[in-house]
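Just below is one structure, and these are the notes that go with it.
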There are 2 protein chains.
Amino acid sequence: MTSSAVHAAAIRVPESVLRAFTESAFRALNVPADDAVTAANTLIEADLRGIGSHGVARLDRFYLRPLELGLINPRPRWIVRAETPSTASIDADGGLGLSVGARAMDLAIAKARESGSGWVTVANSRHFGAAGVYATRALGHDMIGIGMTNTGPIVLPAGGAEARLGSNPIAVAAPTADGSPFLFDAATSVVSAGTFDTYHRQGKRVPIGWGLTDDLQPLRDPARGPGGRRILPLGSDLEHSAHKGYGLAMIVDILCGVLSGMGPGLAIAGAGQAGGYQSAHFFGALRIDAFTDPAAFRQTMTDYLSALRGTPPLPGVEAVRAPGDIEAATIHENRTRGIPLYPDSVENLRSVAQRLNVRFDWEPGDNDGDGGTGT
Amino acid sequence: MTSSAVHAAAIRVPESVLRAFTESAFRALNVPADDAVTAANTLIEADLRGIGSHGVARLDRFYLRPLELGLINPRPRWIVRAETPSTASIDADGGLGLSVGARAMDLAIAKARESGSGWVTVANSRHFGAAGVYATRALGHDMIGIGMTNTGPIVLPAGGAEARLGSNPIAVAAPTADGSPFLFDAATSVVSAGTFDTYHRQGKRVPIGWGLTDDLQPLRDPARGPGGRRILPLGSDLEHSAHKGYGLAMIVDILCGVLSGMGPGLAIAGAGQAGGYQSAHFFGALRIDAFTDPAAFRQTMTDYLSALRGTPPLPGVEAVRAPGDIEAATIHENRTRGIPLYPDSVENLRSVAQRLNVRFDWEPGDNDGDGGTGT
């Protein structure tokens with residue numbers, strides 16, 4: 001995990017400041033007020049959990065610029081292409097993935113309330129941010145939440161020399177009896193594209209087994225990664241079951257791209273502007289009381305995560321963590337102290353404020369130490 | 001893949017012979033005729049696909065012996081603990097996983113026909129064989145099929161020194177327009193326990209990154225593997241995202257063990273007799289026409305798999321394969337030439353025949369070359 005390295009160089013900006021600014025920026029680009037609130041929330045929730053690679057640092061490049069270029073439709077027509085008691089197939093009309101995704105996840109939750117489970121595909125959307133944020137929307141409803149998206153081709157099939165798969169993340173969230181839910185949110189590639197950027201920022205070489213160069217040698221220089229985009233699937237090589245990461249990426253592509261009717265990620269040609277390319281999603285919600293007693297489920301989950309945290313660690317490993325532990329610790333810290341941003345990200349937000357004529361009237365000295373809790 | 005190595009040493013027995021024998025063996029141990037047919041089918045379907053590690057070679061040790069010892073209930077009472085239009089929670093009363101699993105998967109398919117999707121948990125079952133066999137039951141209904149199971153602890157959490165997770169496989173099947181469906185069926189550990197046995201049989205050392213010894217060194221001797229049971233999760237080490245294989249194993253455990261109300265795999269104490277320990281499963285079916293046109297889906301799938309097979313391979317790699325390709329080729333070969341079994345497995349079946357007083361009246365010379373196609 002790289003959160004401590006991020007914090008060392010970071011400026012902490014209160015959640016409330018970033019939330020209000022992000023909403024204003026979307027509204028300034030003709031996004032309706034309710035969608036602007038929802039979209040800002042998706043980015044801020046990622047930042048609060050320490051997933052800074054999918055937060056407001058990407059606001060301009062992944063969402064505002066594509067809106068300005070007409071690659072994202074600010075006022076999409078939401079089309080239900082097919083529907084059953086437990087499923088829906090949505091065409092998002094090129095809308096902002098950050099709000100489209102939340103609305104689709106909430107539809108899955110509503111269907112689960114009626115029918116025990118809900119499953120929603122979304123075609124013709126755009127970059128939706130962090131998959132885990134959608135999965136966690138189910139937690140307050142005593143449901144297990146699932147979120148996935150396909151992306152354009154940046155990952156090699158197992159044994160292949162050309163990228164034909166997206167990083168295709170899978171997120172699953174499940175409630176517990178304490179404040180630390182289970183949250184799995186991971187690309188099906190060995191690492192996400194953003195991790196190469198983080199290593200580049202930190203001046204570090206990447207380990208062998210993460211990617212290949214254009215001449216198919218082990219990639220060590222992270223700066224060469226995002227150009228070539230030959231990231232390896234989870235497993236890294238055939239001897240360590242890269243066919244499993246490859247197959248998992250395909251499952252995501254089938255549920256998102258093929259089942260939605262849009263097509264798999266490799267059909268997304270000329271991605272061009274970051275965030276402005278086509279994307280398809282898959283959301284799911286399972287009502288826990290449709291299977292077992294929710295209170296017993298939550299307690300068993302807490303005991304289960306505790307048992308795993310209690311595993312004796314390997315030499316050199318501080319402690320075994322449960323998926324979601326870092327996020328739960330980070331959300332508390334970031335709510336209290338503010339969301340950490342690199343100085344260049346803060347500068348970028350200031351330039352956005354000027355360009356769109358919206359207010360970003362905050363200076364490092366304004367941070368009163370306990371930050372804002374947002375509204 | 002190890003199928004060619006298996007074939008070199010193997011005796012081929014016609015599918016019809018093995019199917020009739022397996023049914024008779026189950027019936028001899030008080031399993032009702034319809035369950036015996038279903039359970040035999042689950043094993044034979046695994047063998048036909050080349051998953052010999054989960055086929056009739058395990059009949060005696062994983063299923064017949066536990067039946068004789070009273071660890072598997074031959075005539076379970078099927079209890080529906082909870083039900084909604086798209087879900088069901090089953091208690092399998094200690095029944096034979098091979099037939100319980102098929103019945104539960106068919107219930108998921110029936111619910112999907114009515115409600116768009118169907119999701120079934122099964123508590124208090126026993127070893128169910130190959131997850132992929134259940135997922136493929138959805139294909140003929142133009143559905144995507146999903147099968148999972150938890151197992152007792154043999155896999156290390158990421159960064160941990162003690163096994164607390166099962167091999168917890170995930171299987172997903174989706175139809176195509178040709179005879180080669182998408183079929184993903186993989187343990188969430190870097191390799192399954194059976195792969196260590198295969199390497200041991202072949203006198204090969206296992207690669208670094210598959211498991212650890214009791215003193216936490218890289219395991220190279222596969223014979224030492226099954227004792228210690230310190231298999232690594234997919235990703236192998238923290239630097240190559242072993243936390244992802246670990247998290248995926250937990251997702252399977254949550255959906256199977258916790259959601260079913262039975263509890264996670266680490267609670268399965270004293271597994272003792274192979275196949276006789278508790279197990280919980282999760283099955284799912286998604287009706288394709290609830291989302292998109294099934295004919296278009298199948299054609300897109302065929303094009304998608306073709307595009308992936310057409311990826312230029314890395315040096316030293318013959319070709320990029322799609323998940324399910326080996327199974328599709330093997331099923332044709334094994335239907336035609338017979339199912340390959342090691343000589344000691346055939347000897348074991350003969351001893352079973354004698355012990356249970358059922359017929360296994362087949363000799364290598366009886367194989368007429370085109371085998372049986374079964375009934």
Side-chain angles (χ1 to χ4, degrees), chain A residues 82 84-87 89 115-117 119 121 144 157-162 164 172 174 182 184 186 190-191 207 209 216 234-236 238-241 243-244 247 250-251 254 258-261 263-264 266 286-288 290-292 296-297 300-301 304 307-308 311-315 317 320 323, chain B residues 82 84-87 89 115-117 119 121 144 157-162 164 172 174 182 184 186 190-191 207 209 216 234-236 238-241 243-244 247 250-251 254 258-261 263-264 266 286-288 290-292 296-297 300-301 304 307-308 311-315 317 320 323:
Chain A
T84 74
S86 76
T87 65
S89 175
S115 305
S117 75
W119 309 88
T121 56
I144 294 171
E162 269 179 21
R164 304 215 166 168
V172 178
F182 175 86
F184 177 86
V190 61
V191 292
L216 307 179
L234 178 59
S236 293
L238 289 168
E239 195 169 74
H240 295 88
S241 300
H243 68 282
K244 298 188 181 183
M250 290 182 72
I251 290 168
I254 291 166
V258 187
L259 192 59
S260 74
L266 59 80
L286 284 159
R287 217 176 73 205
I288 291 166
F291 298 91
T292 192
F297 177 95
T300 303
M301 283 298 299
Y304 179 46
L308 288 166
T311 310
L314 290 174
V317 175
V320 172
Chain B
T84 73
S86 75
T87 66
S89 174
S115 305
S117 75
W119 308 88
T121 57
I144 294 172
E162 270 180 20
R164 301 212 167 169
V172 177
F182 175 86
F184 177 86
V190 61
V191 292
L216 307 179
L234 178 60
S236 294
L238 290 168
E239 194 169 75
H240 295 87
S241 300
H243 68 283
K244 297 188 182 183
M250 289 182 71
I251 291 168
I254 292 166
V258 187
L259 192 60
S260 74
L266 58 80
L286 283 160
R287 218 176 71 205
I288 291 165
F291 297 91
T292 192
F297 178 94
T300 304
M301 284 298 300
Y304 180 45
L308 288 165
T311 311
L314 290 174
V317 175
V320 172

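These numbers come from the heavy atoms of this one structure, side chains and all, not from hydrogens, waters or symmetry mates. Proteins come first, then strands; the chains are lettered A, B, ... in the order of their sequence lines, and each starts at number 1.
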Pick whichever of B/G116, B/G159, B/A82 has the most heavy-atom pairs under 4.5 Å with chain A.
B/G159
Out of B/I144, B/V317, B/V190, return the one with the most heavy atom pairs under 4.5 angstrom to chain A.
B/V190
Quick check for you: among A/V258, A/I251, A/L259, which has the greatest number of heavy-atom pairs under 4.5 Å with chain B?
A/L259
Can you tell me which portion of B/A158 sits under 4.5 Å from chain A's heavy atoms? Options are side chain, backbone, both or neither.
backbone
Test side chain to side chain contact (heavy atoms under 4.5 Å, CB included) on B/F184 and A/I254; report intermediate values, then the result.
CA-CA 12 Å; B/F184 177 86; A/I254 291 166; over 6 Å; no
Given 3.5 Å as the limit, does a donor-acceptor pair link the side chain of A/S115 with the main chain of B/S86, or not?
no
Measure B/F291 against the heavy atoms of chain A and call it side chain, backbone, both or neither at under 4.5 Å.
both
Please classify the contact of A/F297 with chain B as side chain, backbone, both or neither, using a heavy-atom distance under 4.5 Å.
both
Which of the residues A/P312, A/P315, A/P313 is involved in the greatest number of heavy-atom pairs with chain B at under 4.5 angstrom?
A/P312
Begin with the C-alpha distance, continue with both residues' side-chain angles, and end with the deciding distance and a verdict on side chain to side chain contact (heavy atoms under 4.5 Å, CB included) for B/V191 and A/S241.
CA-CA 7 Å; B/V191 292; A/S241 300; 3.9 Å; yes
Donor-acceptor pair, side chain of A/K244 and main chain of B/A186, under 3.5 angstrom:
no
Would you check if the side chain of A/T311 reaches a backbone N or O of B/G160 as a donor-acceptor pair within less than 3.5 Å?
no
Does the side chain of A/P323 come within less than 4.5 Å of B/M250's, by heavy atoms?
yes
Please check: side-chain N/O of A/T84 versus main-chain N/O of A/T87, any donor-acceptor pairing under 3.5 Å?
yes
Give the member of A/S117, A/A174, A/P85, A/G261 that has the highest number of heavy-atom pairs under 4.5 Å with chain B.
A/S117
Sort A/T121 into side chain, backbone, both or neither according to what part of it lies under 4.5 angstrom from a heavy atom of chain B.
both
Chain A contact via B/P157 - which portion, at a heavy-atom distance below 4.5 Å:
side chain
Contacting region of A/I288 [heavy-atom separation from chain B under 4.5 Å]
both
Counting heavy-atom pairs under 4.5 angstrom with chain B, the leader among A/L216, A/V172, A/L234 is A/L234
